[in-house]
> 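Sharing a structure below in structure tokens format, with a few things to ask.
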Amino acid sequence: MSSLSRDDVAHLAGLARIDLSDAELDRMVGELSVILESVAKVQQAPIEDVAPMSHPMPLTNVTRPDVVRPGLTPEEALSGAPEQELQRFAVPRILDED
């Protein structure tokens with residue numbers, strides 16, 4: 001793998017619209033080189049016998065059966081409401097019609 005040059009890092013920073021100082025460019029050359037070397041090592045892993053997967057551990061979705069159960073009647077739901085209107089909670093208007 002070819003090593004990164006300072007011009008390469010400056011070009012990448014320009015593409016990402018990141019303004020880097022000269023000191024930051026010099027530091028990034030080393031940091032990005034280490035990152036690219038690490039990625040190259042990972043790409044060398046023997047994966048021929050590994051099946052594609054979305055997660056390294058098998059996932060089981062824990063759900064319960066969807067069972068219809070009785071709910072509250074409108075009267076029960078509104079029993080504690082200070083005001084109600086047309087089987088709905090009545091609240092003060094906060095927005096005008098405009």
Side-chain angles (χ1 to χ4, degrees):
M1 171 174 238
S2 63
S3 63
L4 282 176
S5 69
R6 191 171 186 277
D7 291 335
D8 293 332
V9 175
H11 178 70
L12 288 172
L15 291 175
R17 297 187 179 359
I18 300 173
D19 187 24
L20 297 177
S21 68
D22 291 339
E24 290 171 324
L25 282 173
D26 293 334
R27 190 180 79 231
M28 286 294 162
V29 169
E31 290 180 7
L32 288 176
S33 294
V34 170
I35 291 170
L36 291 176
E37 288 170 11
S38 299
V39 169
K41 286 180 187 176
V42 170
Q43 288 177 335
Q44 294 172 1
I47 59 169
E48 292 80 27
D49 297 329
V50 178
M53 62 183 105
S54 64
H55 197 275
M57 304 296 291
L59 296 177
T60 303
N61 195 2
V62 181
T63 59
R64 60 175 171 76
D66 191 12
V67 178
V68 178
R69 294 183 285 178
L72 297 175
T73 65
E75 292 79 22
E76 291 171 330
L78 295 168
S79 64
E83 294 184 43
Q84 54 180 300
E85 181 181 315
L86 301 173
Q87 293 188 340
R88 297 186 183 107
F89 293 98
V91 295
R93 181 177 295 275
I94 59 170
L95 300 176
D96 293 330
E97 293 292 324
D98 303 348

> I need the minimum non-hydrogen distance between Ala77 and Phe89, along with the two atoms involved.
O-CZ, 3.8 Å
> Does Ser38 reach the side chain of Ile35, with side-chain heavy atoms less than 4.5 Å apart?
no
> Please round to the nearest 0.5 Å and tell me the distance separating atom CD of Gln43 and atom CG of Leu36.
9.5 Å
> Tell me, yes or no, whether the heavy-atom count around Ile47 atom CD1, taken from other residues, nucleotides or ligands under 6.0 Å, exceeds 12.
no
> Looking at Met53 and Val50, what are the two nearest heavy atoms and their distance?
CE-CG1, 3.7 Å
> To the nearest 0.5 angstrom, please state how far the CG atom of Leu4 sits from the NE2 atom of His11.
11.5 Å
> Rounded to the nearest 0.5 Å, what separation is found between the CG atom of Leu25 and the CG atom of Asp19?
9.0 Å
> Does a side-chain heavy-atom distance below 4.5 Å link Gln87 with Glu75?
yes
> What's the shortest heavy-atom distance between Gly71 and Glu76, and which atoms?
O-OE1, 4.2 Å
> Could you state the interatomic distance from CZ (Arg27) to OG (Ser21), rounded to the nearest 0.5 Å?
8.0 Å
> Specify the closest pair of heavy atoms between Val29 and Arg6, including all atoms of both residues, with the distance to one decimal.
CG2-CA, 3.6 Å
> Does Arg88 CZ have over 12 foreign heavy atoms under 6.0 Å away?
no
> Between atom CD of Glu24 and atom CD1 of Ile18, what is the distance when rounded to the nearest 0.5 Å?
9.5 Å
